[in-house]
Amino acid sequence: MTIMPSTWSVFVSSGIVILLAAASSPESWNILPYGQKMYVASHNTLTAGLELIRERPVEIILYPLLVYLAFRVYKLLFCPLVVVRNLEDVGYIVDNGRRKADVANEVRRRRARGDLPPVYPNGWFRVLDSWQLKIGEAKHLTILGEHIVTFRGESGKAYVMDAYCPHMGANLGIGGRILGDCLECPFHGWAFRGEDGKCVNIPYAEKVPEFAKVKAWTSMERNGLIYIWYDAEGREPTWEPPIIDEVDSGKWSFRGYSEHMINSHIEEVPENGGDVSHLHYLHGPIMASGTDLRYTRSRFWEFIGKHMWDGSWAQDENDKHVGILTLKHKMTIFGIPFSPVELEVVAKQIGPGIVYLIFKNWIGTSALLHHITPVEPLLQRVTHTIDSSITMPTFIAKFYLYGEILQFERDIMVWNNKTWLSKPMLVEEDSNIAKHRRWYSQFYSENSPRFEYKRDSLDW
């Protein structure tokens with residue numbers, strides 16, 4: 001995403017340049033080509049501006065303000081919502097005088113970790129959203145503890161390979177050049193085919209040896225996302241993420257995206273699907289109460305409004321890698337039901353790191369796609385992408401996504417600071433949590449990697 005200067009900064013900086021130019025002496029402009037003409041132009045511009053301010057001060061102030069307000073309204077109504085949070089931005093209590101990043105790193109080092117399950121389950125994981133990778137572009141990423149490079153060839157197809165060139169170790173994603181559907185190493189020009197990782201050209205060698213190749217990951221592009229398959233045993237995929245026809249074909253429109261980094265084991269996040277009881281307590285307070293759990297349950301906010309949830313979770317009868325979460329949501333304002341946000345939602349947990357959530361109301365239909373991808377053993381990247389039918393106004397879809405972000409950031413405050421309990425103290429009403437753990441265990445296998453650390457050290 002390109003960072004551009006704001007309109008206001010360009011306006012102010014241009015004004016400063018004109019003021020400085022007009023205030024300087026005419027002689028100082030003689031050192032520049034056409035200096036006198038430039039001086040006269042800047043002086044006339046300043047004079048005309050001051051005259052206009054004297055004659056029409058109200059319009060000078062009001063018109064830019066109206067233009068700015070119109071721009072903000074346009075962004076609200078028609079532009080997708082994009083929210084990106086760093087690890088330290090959410091979920092930590094920061095004392096005065098301390099840096100948020102220092103607090104986040106300290107919590108990561110010192111908290112009790114518990115007897116953790118394997119850190120990388122088997123399944124499909126999101127690499128990037130399709131719009132984040134342009135034709136002819138390569139990106140270096142860390143996923144599942146591995147350094148990978150994903151690139152989009154000139155044919156438009158996306159590929160995923162190991163990032164380091166087997167020749168001398170250069171990072172193919174940093175300075176690598178796309179040639180057709182191959183990626184050329186920036187160090188010596190070795191070119192690797194995206195389809196299978198085979199080296200197809202060495203500029204200075206007469207022959208390319210058969211063993212010259214880099215690992216090409218099994219990948220696919222579906223529903224506007226790039227996925228890779230991970231299996232600790234090296235097995236081929238046994239299932240695939242389902243196609244959402246309206247999203248995959250582009251019939252629905254992209255309305256927003258969020259990204260969060262979470263300090264937890266991967267299973268902590270999808271386990272919320274089976275933990276229906278936490279919805280009433282953690283997500284009951286109205287969204288306006290914020291995300292800091294120290295203040296969300298005040299009497300004031302309970303008086304203003306609250307969310308009410310009813311849900312259930314079960315394994316899909318036909319596809320054992322799918323879990324079904326059914327939710328009903330209602331909301332009251334000052335005790336009065338607020339029907340516009342009443343929803344009935346069916347969320348499909350697909351494998352260890354994908355959730356497809358389709359929700360409908362009288363306005364239209366939206367798909368909220370939730371993905372969790374391990375970066376390293378206890379660091380997860382979680383994204384939400386929302387696409388909607390043409391009948392769903394952008395600002396309403398953005399409201400749904402923003403509501404999801406607020407509720408999700410309440411969970412993050414818990415995840416970032418909790419420990420994993422392999423044998424939690426459950427009551428009868430928590431039976432879905434045990435069912436969810438049994439279901440999730442199918443994604444671990446004999447060689448699934450485990451978290452290892454020295455017990456006499458705070459570092460892993």
Side-chain angles (χ1 to χ4, degrees), residues 1-14 59 61-86 89-90 126 128-135 137 152 156 221-226 243-260 286-288 290-291 329 331 333 338-343 345 347 355-371 382-409:
M1 194 174 295
T2 305
I3 305 298
M4 298 294 292
S6 66
T7 305
W8 178 250
S9 65
V10 173
F11 175 78
V12 171
S13 58
S14 300
E59 289 88 339
I61 297 174
L62 186 60
Y63 287 171
L65 179 60
L66 290 176
V67 170
Y68 174 76
L69 290 176
F71 173 71
R72 299 301 297 182
V73 171
Y74 170 79
K75 286 194 68 175
L76 173 66
L77 296 180
F78 303 108
C79 296
L81 174 68
V82 177
V83 176
V84 178
R85 306 274 198 238
N86 295 317
D89 291 337
V90 181
R126 171 194 172 273
L128 289 171
D129 282 30
S130 296
W131 58 269
Q132 294 176 312
L133 189 67
K134 300 176 182 177
I135 291 178
E137 185 178 19
R152 193 177 295 282
E221 192 161 8
R222 179 168 290 183
N223 299 327
L225 297 126
I226 301 168
I243 296 176
I244 304 175
D245 292 330
E246 295 86 351
V247 176
D248 197 58
S249 65
K251 183 179 179 180
W252 286 359
S253 301
F254 170 71
R255 300 295 172 80
Y257 168 86
S258 71
E259 179 177 317
H260 293 81
I286 193 170
M287 288 190 298
T291 61
H329 170 261
M331 180 179 175
I333 302 293
F338 187 57
S339 58
V341 295
E342 290 185 4
L343 289 173
V345 177
V355 178
Y356 285 178
L357 187 152
I358 308 295
F359 54 90
K360 302 177 181 179
N361 59 20
W362 60 275
I363 300 176
T365 306
S366 293
L368 183 64
L369 310 184
H370 162 112
H371 295 85
V382 179
T383 63
H384 295 88
T385 304
I386 189 167
D387 295 85
S388 299
S389 62
I390 193 172
T391 58
M392 177 76 73
T394 299
F395 73 93
I396 292 181
K398 289 167 66 175
F399 173 78
Y400 286 140
L401 177 59
Y402 189 69
E404 170 66 19
I405 292 170
L406 287 177
Q407 296 286 11
F408 189 72
E409 289 182 354

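Distance check, rounded to the nearest 0.5 Å: CD of E259 to CD of Q132 gives 7.0 Å. Atom CZ of R126 is separated from atom CG of L128 by 5.5 Å, given to the nearest 0.5 angstrom. In this structure, CD on E342 lies 9.0 Å from NE2 on H329, to the nearest 0.5 angstrom. For the atom pair CG of D248 and CG of N223, the computed distance is 5.0 Å after rounding to the nearest 0.5 Å. Between the CD1 atom of I386 and the CZ atom of F254 there is a distance of 10.0 Å, given to the nearest 0.5 Å. Rounded to the nearest 0.5 Å, atoms CG (L81) and CD1 (I405) are 5.0 Å apart.
In this structure, E137 and K134 approach most closely via the heavy-atom pair OE1-N, 2.9 Å. Shown here for G403 and M287, the closest heavy-atom pair between the two residues is CA-SD, 3.2 Å. Nearest approach of L133 to I226, heavy atoms of both residues: CD2-CD1, 3.8 Å. Of all non-hydrogen atoms in L401 and H384, the two that sit nearest each other are CD1-CB, 3.9 Å. Between G364 and T391 the shortest heavy-atom distance is CA-OG1, 3.4 Å. What you find for I396 and I363 is that their closest heavy atoms are CD1-CD1, 3.3 Å.
Heavy-atom neighbours of Y402 OH from other residues, nucleotides or ligands within 6.0 Å: at or below the threshold of 12. Atom CG of L69 has more than 12 neighbouring heavy atoms from other residues, nucleotides or ligands inside a 6.0 Å radius.
Between Y400 and M392, the closest side-chain pair of non-hydrogen atoms falls below 4.5 Å. Between H260 and R85 the shortest side-chain heavy-atom distance falls below 4.5 Å. Side-chain contact between S366 and L368 is absent, with no heavy-atom pair separated by less than 4.5 Å. You'll find the side chain of I286 reaches within 4.5 Å of the side chain of I333, heavy atoms only. Within the 4.5 Å cutoff, the side chain of T394 has no heavy atoms near those of the L77 side chain. T385 has its side chain out of reach of V247: every pair of non-hydrogen atoms, C-beta onward, lies at least 4.5 Å apart.
Between the side chains of S389 and E246, no donor-acceptor pair is found at a separation under 3.5 Å.
A distance-only check finds no donor-acceptor pair linking the side chain of T383 to the backbone of S258 [under 3.5 Å]. Of the possible polar contacts, one joining the K398 side chain to the L76 backbone as a donor-acceptor pair under 3.5 Å is found. Although no hydrogens or angles enter the test, the distance criterion places no donor-acceptor pair under 3.5 Å between the side chain of D387 and the main chain of W252.
Relative orientation of the H370 and F408 rings is perpendicular, given thresholds of 30° and 60° on the angle between their planes.
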| said: Before you tell me yes or no, could you show the steps for Y356 and H371 under side-chain contact (heavy atoms from CB on, under 4.5 Å), namely the whole-Å CA-CA distance, both residues' side-chain angles and the distance that decides it to 0.1 Å? | reply: CA-CA 9 Å; Y356 285 178; H371 295 85; 4.1 Å; yes
| task | Test R72 against Y68 for side-chain contact (heavy atoms from CB on, under 4.5 Å), laying out the working first. | result | CA-CA 6 Å; R72 299 301 297 182; Y68 174 76; 3.7 Å; yes
